[in-house]
Every structure is written in C-alpha cells, then in structure tokens.
Student: 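I have a structure here, written as structure tokens, and I will follow up with some questions on it.
Quick note on labels: first sequence line is chain A, next is B, and so on, each numbered from 1.
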There are 2 protein chains.
Amino acid sequence: MFYSDEMSSFSLGVDYGTNSVRALIVRCKDGAEFGASVYQYPSGNQGVLLDSKDPYLARQYPGDYLLGLEKSVRGALAQAGARRGFSASEIVGIGVDTTGSSPLPVNERNVPLALSGKFRKNLAAQCWLWKDHTSWQEAEWITGKAVEHRPAYIAKCGNKYSSEWFWSKIWRCLNVAPRVFEAAYSWVEFADWIPSILAGVRDPLLIQRGICAAGHKAMYSEEWGGLPDAEFLKLLHPELAALRSRLYAKAYDATEPAGHLCPEWAKKLGLSAGIPIAIGELDVHYGAIGSGIAPEALVKVIGTSTCDCAVVAASNKVADIPGICGIVPGAILPGYYGIEAGQSAVGDIFKWWIEKICGGDETLYAVLERKAKKLHPGESGLLALDWNNGNRTILVDPMLTGLLLGTTLHTTQAEVYRALIEATAFGARTIIERIEEYGVPIRRIVCAGGITLKSPLLMQIYADVTGRVMQVAGSSQACALGSAISAAVLAGAHKDFPTAQAAMTSLKSKEYTPIPVNQRIYNELYVLYRRLHDTFGGKEAADVSQVMKQLLKLSIGNH
Amino acid sequence: MFYSDEMSSFSLGVDYGTNSVRALIVRCKDGAEFGASVYQYPSGNQGVLLDSKDPYLARQYPGDYLLGLEKSVRGALAQAGARRGFSASEIVGIGVDTTGSSPLPVNERNVPLALSGKFRKNLAAQCWLWKDHTSWQEAEWITGKAVEHRPAYIAKCGNKYSSEWFWSKIWRCLNVAPRVFEAAYSWVEFADWIPSILAGVRDPLLIQRGICAAGHKAMYSEEWGGLPDAEFLKLLHPELAALRSRLYAKAYDATEPAGHLCPEWAKKLGLSAGIPIAIGELDVHYGAIGSGIAPEALVKVIGTSTCDCAVVAASNKVADIPGICGIVPGAILPGYYGIEAGQSAVGDIFKWWIEKICGGDETLYAVLERKAKKLHPGESGLLALDWNNGNRTILVDPMLTGLLLGTTLHTTQAEVYRALIEATAFGARTIIERIEEYGVPIRRIVCAGGITLKSPLLMQIYADVTGRVMQVAGSSQACALGSAISAAVLAGAHKDFPTAQAAMTSLKSKEYTPIPVNQRIYNELYVLYRRLHDTFGGKEAADVSQVMKQLLKLSIGNH
C-alpha cells in the first residue's frame with residue numbers, strides 16, 4: 001500500500017486527555033480537519049475518581065475509555081460524513097495517544113479488573129491516572145534502591161524516579177490493595193491498552209507496547225535488556241520481580257504497528273476492519289509530532305499540566321540530564337532520542353485559583369485575563385512557586401507544594417492570576433536552561449494546547465520570561481493530529497514522519513516576541529524565583545531574607 | 001466634686017476607629033450602657049483616602065471626625081434619652097480615644113490644613129492614618145540615626161522606629177509635600193486633637209498632649225527631657241528641629257484633664273459646658289482599661305489589626321524589650337508602665353481574603369467560619385505568614401509581606417481562611433513569648449474587639465496555639481468604655497482607675513481553654529512558622545527546605 005497519490009485518504013487520531021477523549025479525522029494530504037468530536041468522561045469529578053481523604057489520589061474508570069472511544073469516533077465520523085469527498089472507508093489508519101504513566105491492572109484476557117463485578121468500585125482496580133501521587137513513598141524507595149544498586153537506571157530518569165510512574169504505582173497497589181495486585185495478571189499502560197483493544201488482543205503478553213511509556217516511565221532500555229532486571233525488582237519486592245515476566249520483553253517505536261482493527265471494533269466504530277493501528281504513545285509525544293517537532297525545537301504542550309518535548313538525532317551522543325524525566329531513543333520520533341520534561345500543573349493552577357478560590361466561572365477567566373494584562377511585570381510585588389501539584393522538572397519531587405509570597409491587603413485576584421502565570425513561566429525557563437546546560441540547544445519553541453489560544457497574556461509572559469519567540473502550533477488538536485500522522489505514516493500515506501509533518505502540520509501566523517523592557521524586569525524576578533525554588537526545593541539554600549523587600553522595591557519601581 | 005454616692009451620673013466615651021466613630025454613654029456606677037451610636041466616615045474607601053498608585057498610602061479627612069463627633073454623640077444621647085433615669089445633664093465627663101499614630105498638620109489656630117480651601121484635596125494635608133506606611137524609608141533613616149547617635153531613644157522603641165509613627169510621617173510630608181509641611185504650624189496626634197477641639201483650644205501650643213501617643217510614637221520620654229532633642233532632629237532634617245518648638249514640652253497621663261467642654265461644642269452636642277475632658281489616648285490603651293487591664297494580664301484588642309497591652313507597676317524595673325514597640329510610664333494606666341505590642345493586620349487579612357480574593361460578602365464569613373471549624377489543626381497542609389500589612393512586633397518591619405505556603409490543587413477557601421487565622425495566632429504567640437522572655441509575666445489574657453464575639457473559631461485557635469485560656473472582655477465596646485472610665489475617674493465618680501474598672505468592667509462567662517491534642521499539633525506547626533518567620537523576617541536564616549514536606553506529613557497524619 002502506498003497512498004501518496006491517493007488524494008482522498010484520511011487518518012483518525014484519538015487523543016485521551018485527563019477529562020475527555022477527542023477523535024479527529026484529517027486528510028492525509030494536507031492535515032485538513034474533516035471531523036472532530038469530544039466526549040467528557042462521565043465518572044467521578046470531570047472524569048477523575050477522587051478520594052476526599054487523600055488529595056494525592058486520582059484514578060479513572062476504564063469503562064469511560066471504551067464508551068468514549070465509540071462516542072467520539074462516531075461523532076467525528078458524523079461530522080466528516082457531512083462533507084464532500086469524505087467516506088469512512090477511506091480512513092487508512094488509527095493512531096491513539098493517552099495520558100501517562102497511567103497503568104491499569106488487567107486479567108489474563110486483557111480485561112481491566114475494574115470492569116469485573118468484584119472490583120468495580122475498588123479505587124485500586126481502576127486506571128491509576130498520571131497525576132495520582134499516592135505512591136510518593138514508593139517512588140522514594142525506588143530512587144533509593146536504584147541510586148545504590150542500578151545508577152544507570154536512575155540516571156536515565158533524571159536521577160529521581162517519580163510517583164507518577166509505572167513501578168511506583170504498581171508497587172503502591174501491592175502495598176495498599178494486595179488483593180487487587182494479586183488478581184491482576186498484568187498491568188498495561190493506558191496508551192498501550194486502547195490500541196490493544198482496537199486490535200482485539202485478548203492476551204496481555206501479546207500487546208505491542210510503546211517505547212514511549214516504557215522508556216520514560218517504566219525504566220525500559222535496550223541498554224540493559226528491557227525492563228529493570230528481576231534481581232533489582234526483587235530488591236523492591238519479590239512480587240514485582242514475579243510480575244516482570246507477565247509484562248513485556250520488548251517495546252516498539254512508531255515504525256511498528258500496534259495491530260490491525262479487529263472486526264468487533266470496526267463494526268462498533270463504523271470503520272474498515274484490518275486498517276493499521278499505530279503504536280500508542282503518550283499524548284504529548286504525539287502532540288509534539290502534531291506540532292512539528294524537529295531537532296533544536298522544543299515543543300511545549302500546555303494543558304492542565306505542561307509537557308516539554310525535544311528530539312536529538314540518534315546519531316548524536318546525549319548525556320543524561322539531571323532532573324529531566326527521560327531521554328529515550330525512539331520515544332517521540334523514530335530515529336531520534338526523545339527528551340521529555342514537564343510541569344505538573346499549569347492550567348490546573350489557574351483553574352484552581354479562578355474556580356476553587358475566587359469562586360468564578362468561565363467569565364471570570366476573561367475578566368482576570370483582561371485585568372492582569374494591564375499590570376506591568378513586577379508591579380504586583382508577588383512571586384509564586386508553581387508547585388501546587390508537586391514539581392516534575394527539574395526537582396522531580398511530588399512532595400513540594402505551592403507558595404505565594406508578597407501579598408498585601410491590596411492584592412487582587414488578577415494580580416495573583418498573573419503571578420501564577422509568571423510562576424509557570426519561570427518554571428518553564430528553568431527547564432529550558434537545564435536542557436541547554438547539558439548540551440542540547442533549543443533554537444525554537446512551539447507551543448500547543450488550548451491555553452496557547454485562550455491566553456495571549458500567558459504566551460507573551462512566556463516570551464518575556466524566557467527571552468525567546470513563542471510560536472503556536474497550527475492545529476488546536478496537536479495530540480490527536482500527531483496520532484493521525486503516525487497512523488498516516490504507518491499506512492504509507494507519507495514516506496516518513498518529517499514528510500508527513502511538513503504536509504500535515506503548520507504554525508499559526510501569530511507569534512510572540514519578547515518585549516525587552518519586560519524581559520529586564522523578569523530577569524530580576526527570575527533571580528528571586530530561583531532563590532525560592534532552590535531553597536524550598538531542598539537543592540541549595542539561598543538567601544531569601546530580602547526577597548520580600550526586593551519585590552516591594554520592584555513593585556514600587558514598576559507601578 | 002465627688003460623685004461616688006450619686007447613683008445617676010453618666011460618662012461619655014468617644015472611640016474613633018479606622019472606619020467609623022462610636023459614642024457610648026455608660027452609667028458610672030456599674031458601666032451599664034445607656035446609649036451607643038456609630039457613624040461611618042463618609043470620605044474615601046470606608047473612610048480611608050487611598051492612592052491607587054501607592055498601596056502604602058492611607059489618609060483621612062479631618063472633617064469626617066468633626067461631623068462624626070456630632071452625629072455619634074447625638075445618636076447615643078437620643079438612645080439614652082429614651083431610657084428612664086437618664087438625662088444629658090448628668091453626663092459628668094467625656095473621654096476620647098483614636099487610632100494612632102495618626103498625626104495631622106494644623107495652622108496657628110489649630111485648624112487642620114485639610115479644612116482650608118487650599119489644601120482640601122491634598123493627600124499630604126490630611127490626617128496620616130496609623131496604617132499609612134509611605135514613610136518606610138524615613139523610618140529606616142530615623143532608626144539608623146538613632147542607633148548611631150541616640151541608642152537610648154531607639155531601645156525604648158524596640159530598636160526600630162516604625163513607618164507608622166509620628167516623626168516618620170512628618171518627615172515624609174516634608175520630603176514629598178514640602179508646601180504642606182511649610183504651611184503646617186504644628187502637627188497634632190488625632191488623639192490629642194479631638195479633645196483640644198472639644199475644649200475649644202485655638203492654639204496648638206496650648207493643647208494638652210497625652211503621654212500615650214507621645215511616648216509610644218514620638219520618642220517622648222522624661223528620661224531625656226521630652227521629645228527627641230533638637231540636635232538629634234537636626235541630624236534628620238533642620239526643619240524637623242525647627243518644628244520641635246512648635247510641638248510640646250510636656251505630655252500628660254490620664255490623671256490630667258485635656259480641658260473642659262467649651263460652650264460651642266456643648267451646644268453642638270447637647271451637653272453641659274465645662275465638664276472635664278479626659279486626656280486623649282490611643283484606642284487600644286483605653287480599650288485595655290475597658291477590658292480590665294491589670295498587672296500580669298495581657299489585653300489583646302483584636303480588630304482590623306491587633307494591639308497588645310500590658311502594665312507593670314512603676315515601682316518595678318522594666319528592661320527594654322527588643323522588637324516591642326514601646327514601654328512608657330503612664331501610657332495606659334497612671335502609675336504603671338504601659339507596654340504595647342501589636343500585629344499590623346488581623347481582621348484586615350480575613351477581610352482581604354474573603355471579600356477581595358474570594359469575592360464574598362458577610363454570608364461568606366459565616367460559611368468559611370463553619371467549614372474551617374470542621375478542619376483539624378494541620379489538616380490543610382497550609383502555613384501562612386500574617387504580614388499582609390507588614391510586621392509590627394517583633395520584627396518591626398513594614399516592608400514585609402504576606403506568604404501562603406502549602407497550596408495544592410485541592411486547597412479550599414476555608415482552608416486558607418483557617419490558615420490565616422492560625423498565622424495571626426502564631427504571631428500572637430511570638431509576641432507573648434518575647435514579652436515573657438524579658439521578665440514580664442503574662443498570667444491572664446483578655447481579648448476585646450468584635451472578632452472575639454464573631455469568631456469563636458479564632459478564639460479557640462488562639463487558645464490552642466498559645467496554650468493559654470482566652471478570656472473575653474464583657475463590653476463589646478471596650479475602647480469607648482475605657483474612655484468613659486477615664487472621664488468618670490477624672491470627674492471623681494470613682495476614686496481611681498482600679499476602683500472604676502472593678503465597678504464598670506466585666507468578663508464574658510464564656511472563656512476558651514486550650515485543647516491538648518490541638519496544642520500538640522500547633523506546637524509542631526509553630527516550629528515551622530518560626531522558621532519561615534525568622535528566615536523571611538531577615539533575623540536569622542533557618543532551614544526551610546523541609547517545611548513543605550513536614551506540612552504534608554502533618555496533613556496526612558491529621559486527616
């Protein structure tokens with residue numbers, strides 16, 4: 001099959017986010033969007049199962065994923081069907097991306113335990129959502145054991161294993177819900193499980209697992225023969241060592257298919273059976289592809305959290321970068337090292353402030369955006385740490401929390417809103433500086449995600465704080481587009497990823513250029529941010545005794 | 001005149017707060033309230049003139065004071081007049097208390113410059129309200145010069161002269177509004193000016209000034225012959241040295257009258273001309289008297305800010321206490337040293353949070369109070385510094401600002417509300433510990449002010465954090481009552497203050513006792529609070545790197 005001259009082939013991308021799933025149908029030739037549909041997960045709080053006694057817990061009901069798959073794809077097809085030149089039979093492949101690391105326990109038939117009657121309501125039997133931090137203690141233990149016994153493993157993870165990742169979560173399950181652990185035949189990443197369902201895989205051992213989640217979240221590397229060796233896992237817990245053989249021996253990059261659409265799901269979705277299904281990847285990795293990732297570019301996918309992606313040609317040598325979550329060959333683009341970093345809460349922080357604290361709704365977002373835009377950098381005298389959901393990069397510490405400093409009796413909602421945006425911008429700068437410090441140059445920054453369009457203020461602040469031009473991905477659905485691109489390449493609609501990206505992705509014409517006067521003030525504020533960051537981050541105590549006064553002086557100077 | 005057997009004599013107390021003035025008519029025999037009336041100042045924002053460009057500025061229009069005097073007294077008289085056994089002619093004296101240090105510039109006829117056409121709208125010509133912090137720079141300079149040249153002066157002020165005080169403000173006026181300074185013949189404390197107006201004093205040099213504001217705010221002490229000597233003032237500015245002779249040579253305690261009611265104001269108010277007017281004192285000092293201040297008791301007047309008062313018999317020796325704003329003989333009770341400390345914002349912080357940030361109104365206070373009450377100490381994982389209006393005691397630094405640490409994406413309005421109450425409680429504990437450390441025992445704590453009745457939660461937290469029983473003053477109008485007591489003593493209705501206090505003040509039956517389990521948790525939190533306090537206060541850097549983690553552990557432990 002080679003579709004490059006076939007002008008009417010289409011590709012389907014399915015993007016599973018934290019609160020909803022989105023299906024997108026694009027034309028392979030040019031990436032034109034023919035149909036899109038979003039389905040909100042019905043369970044829990046906006047799709048997330050919570051525990052009022054434990055703010056760290058975040059789970060999801062896998063049944064929502066299946067229902068959402070059908071609803072979103074059917075919705076997108078209905079929309080595309082109304083357009084000339086489209087037919088569902090011309091969809092040549094399916095790509096899927098999801099949040100992660102979001103592992104779920106399954107039985108021997110690849111059925112999630114949560115879909116069986118016995119464990120239906122058991123929180124430990126659900127999908128352990130990426131932002132679940134209940135396993136912070138296990139993460140610390142894994143880090144400790146790895147530092148001592150397998151330094152190579154942990155160096156690849158930025159020297160700290162995260163509570164958000166695969167092994168921490170599974171071990172946590174073993175510790176707090178041993179009956180669930182025992183009932184689980186295997187554990188599957190959400191990103192691998194959806195393609196396996198589409199492909200009709202009934203045995204967890206036959207699932208084609210993606211290198212992306214494996215390498216970034218499960219300490220998988222061909223350097224040491226795949227997953228962490230059994231001896232090391234035994235140091236953690238014998239049951240984890242025993243689980244190893246029921247996981248996977250090899251993980252694949254996007255040149256390999258996850259499988260082909262099985263008749264059952266072809267019928268459910270109204271698509272042709274047998275079309276290829278791309279290997280599952282983490283949402284942001286396909287998002288990076290959909291945003292035009294290439295060497296020397298950094299793609300920032302800004303949503304509830306932010307994920308930063310960069311790629312380096314596999315022919316180059318890349319050093320381990322302390323505090324950067326992972327450097328994995330083939331994780332994003334085949335033939336390249338994928339580098340991933342991130343911030344655990346971005347949009348989520350603004351949402352918390354506006355909805356939970358200020359008690360506002362959508363209209364308050366617009367009001368605060370407008371008011372905050374009128375403020376000068378430094379004017380409010382505020383400085384915040386963006387750690388309301390812990391710090392992922394470069395401190396890799398889920399036990400850190402948010403901080404707001406410099407409040408007076410006059411501090412307004414809009415001033416804090418702006419300070420929170422600035423805090424995420426300072427966090428972004430810290431990541432960029434760390435990556436460059438270790439020899440990976442960043443010459444372009446492309447931002448994707450809804451916030452890039454909803455908040456021009458955020459985009460300008462990011463430009464001013466980082467001192468770099470911020471470009472915006474042309475598609476507002478970069479993750480789904482990236483999934484669709486992967487499927488299009490797999491189906492042969494394009495000869496390789498760079499060719500497919502050139503044809504199917506674009507940039508918005510509007511880009512954000514640093515304003516020198518703002519940059520100067522933000523450079524001063526960044527020094528103060530780093531003092532708080534380093535002091536409270538436990539890295540290196542800085543002198544913070546004058547921070548309040550320096551902020552006040554900046555505030556008075558910039559009124 | 002000796003009225004002790006005269007069962008129908010009454011006394012009038014007039015209490016000028018930050019947003020309103022209150023008149024209170026009480027029976028001398030037993031303190032029974034016969035009439036009360038409150039008048040809200042009409043100018044500015046709830047009576048305070050602000051400058052949107054400078055959050056430190058807070059002024060008041062003196063015309064509001066005069067109008068409010070008439071309105072509130074007339075209102076109280078109308079109410080009392082409806083009761084049997086009352087006649088305005090039986091009011092035997094008037095006492096006045098005000099905020100301070102709140103100096104205002106007057107001309108040679110004792111008329112405020114702000115009441116003349118020329119300066120009517122000039123912010124520098126208004127009364128410089130206690131909480132105006134525009135003169136922080138001048139305060140630093142005064143501290144510097146005093147440390148170098150007059151260490152005795154500054155030791156008496158707790159080793160730091162405040163931007164809230166007399167000389168800082170006047171010097172600031174000279175620096176930023178020299179025309180106003182030049183037009184001012186003299187400067188008068190608000191607390192001295194109202195009695196002088198009632199007494200018909202037309203020459204600023206004839207005003208009887210109170211020792212209370214003089215000693216606590218203007219570096220007045222008989223040890224060095226009154227106000228700071230001219231040579232020292234010249235080191236600040238020659239114009240300040242020149243002003244010295246147009247201020248006052250001697251200040252008086254409450255055994256001396258400020259004067260007697262002049263016919264003009266007797267007519268305006270409907271009172272008998274010639275009745276004695278007590279010396280003006282700062283609101284909290286008369287509030288302390290109205291709350292039953294006595295040796296070994298600490299009176300906390302909790303309002304927008306908190307003021308702490310203690311007295312020590314003049315026969316004892318009292319050491320200077322670092323960071324305590326002043327120790328002044330006769331300042332509160334004649335025959336005793338008055339010790340004053342305070343917190344720059346208390347009620348104001350809650351108001352800021354609930355109204356300005358959460359966008360709520362009176363009903364939200366009740367909601368948050370109810371929700372916050374359900375939380376356990378430590379449960380929220382939050383820790384705050386109560387410095388939204390700077391720190392008065394023990395850091396004496398208006399350039400400090402508020403801090404909130406430990407926020408997550410789940411942090412609620414009520415959790416922050418409770419954390420802010422706790423922050424003020426930790427601040428209160430810091431003051432108590434400092435006073436005791438320097439040899440002044442505190443065996444009882446009496447709280448006064450509206451919050452003591454409105455927030456049982458706050459009272460319980462104060463008991464739990466300080467580990468002491470919190471008593472509540474019987475009168476909800478302790479300041480006005482204290483003024484009335486001073487007038488009653490002056491008029492001879494009681495032979496001295498202790499006798500008058502025994503007859504006219506009381507305690508509520510409800511008192512708050514520490515709950516041991518809460519105390520234990522708060523002792524742990526207080527250690528963390530002090531680390532932040534000392535680090536950001538610039539006193540002594542503590543290790544704060546683990547504060548977030550320790551809070552989280554306390555949070556998980558106390559859910």
Side-chain angles (χ1 to χ4, degrees), chain A residues 50 52-56 131 136 304 344-345 348-349 351-353 356-360 364 381-382 384-385 387-390 397-413 416 534-549 551-553 555-556 559, chain B residues 50 52-56 131 133 136 304 344-345 348-349 351-353 356-360 364 381-382 384-385 387-390 397-413 416 534-541 543-549 551-553 555-556 559:
Chain A
L50 302 174
S52 63
K53 289 197 200 60
D54 186 350
Y56 289 143
K131 66 177 173 178
W136 55 269
T304 53
S344 308
D348 266 353
I349 295 187
K351 185 182 171 75
W352 163 74
W353 181 251
K356 192 135 185 160
I357 297 299
C358 301
L364 189 60
L382 296 174
L385 288 174
W387 300 347
N388 286 47
N389 197 25
D397 191 343
M399 297 285 286
L400 296 174
T401 49
L403 179 148
L404 176 64
L405 182 149
T407 48
T408 70
L409 297 171
H410 303 281
T411 299
T412 65
Q413 294 177 337
V416 177
D534 296 352
T535 299
F536 284 101
K539 287 291 172 203
E540 200 172 343
D543 177 7
V544 296
S545 65
Q546 302 305 305
V547 168
M548 289 172 178
K549 290 186 176 54
L551 286 170
L552 277 180
K553 279 173 187 167
S555 164
I556 291 164
H559 251 99
Chain B
L50 302 173
S52 63
K53 289 199 201 61
D54 186 349
Y56 289 143
K131 67 176 173 179
H133 287 156
W136 55 269
T304 52
S344 309
D348 266 353
I349 295 186
K351 186 184 170 75
W352 163 75
W353 180 252
K356 194 139 185 159
I357 296 300
C358 301
L364 189 60
L382 297 174
L385 289 172
W387 300 347
N388 285 47
N389 196 26
D397 191 342
M399 296 285 284
L400 296 173
T401 49
L403 179 148
L404 177 65
L405 183 150
T407 48
T408 71
L409 297 172
H410 303 282
T411 300
T412 65
Q413 294 178 337
V416 177
D534 295 352
T535 299
F536 285 101
K539 287 291 173 200
E540 199 173 340
D543 178 7
V544 296
S545 65
Q546 302 305 308
V547 167
M548 290 173 178
K549 290 186 174 56
L551 286 171
L552 276 180
K553 281 173 186 168
S555 164
I556 291 165
H559 251 97

Student: Between atom CG of A:L403 and atom CG of B:L382, what is the distance when rounded to the nearest 0.5 Å?
Tutor: 11.0 Å
Student: How long is the straight-line distance from CG of A:N389 back to OG1 of B:T408, given to the nearest 0.5 Å?
Tutor: 8.0 Å
Student: Who among B:V547, B:D348, B:T401 has the most heavy-atom pairs with chain A under 4.5 Å?
Tutor: B:T401
Student: For the residue pair B:N388 and A:T411, establish whether any side-chain heavy-atom pair is separated by less than 4.5 Å.
Tutor: no
Student: Quick one: NZ on B:K549 to CG on A:L400, what's the gap to the nearest 0.5 Å?
Tutor: 4.5 Å
Student: Taking every heavy-atom pair that is under 4.5 Å apart, which of A:Q546, A:Q413, A:K539 has the most such pairs with chain B?
Tutor: A:Q413
Student: Which pair of non-hydrogen atoms, one from A:I357 and one from B:I357, has the smallest distance, and what is that distance?
Tutor: CG2-CG2, 3.8 Å
Student: Does any non-hydrogen side-chain atom of A:L385 lie less than 4.5 Å from one of B:M548?
Tutor: yes
Student: Excluding sequence neighbours, so at least two apart, what forms salt bridge (charged side-chain N to carboxylate O under 4.0 Å, His left out) with B:K553?
Tutor: none
Student: Can you tell me how far OG of A:S545 sits from CG of B:D534, rounded to the nearest 0.5 angstrom?
Tutor: 11.5 Å
Student: Just wondering, do A:K356 and B:L409 contact through their side chains at under 4.5 Å, heavy atoms?
Tutor: no
Student: Quick one: salt bridge (charged side-chain N to carboxylate O under 4.0 Å, His left out) partners of B:K351, sequence neighbours excluded?
Tutor: B:E355
Student: Just so I understand: if I count every heavy-atom pair under 4.5 Å between each of A:D543, A:D397, A:L364 and chain B, which residue has the most?
Tutor: A:D397
Student: Out of curiosity, A:T412 OG1 to B:W352 CH2, how far, rounded to the nearest 0.5 Å?
Tutor: 10.0 Å
Student: Measuring from atom CG of B:L50 to atom NE2 of A:H410, what distance do you get when rounded to the nearest 0.5 angstrom?
Tutor: 6.5 Å
Student: Please classify the contact of B:A345 with chain A as side chain, backbone, both or neither, using a heavy-atom distance under 4.5 Å.
Tutor: side chain
Student: Can you tell if the side chain of A:L405 reaches within under 4.5 Å of the side chain of B:F536, non-hydrogen atoms only?
Tutor: yes
Student: Under 4.5 Å heavy-atom distance to chain A, tell me which part of B:L552 shows up: side chain, backbone, both or neither.
Tutor: side chain
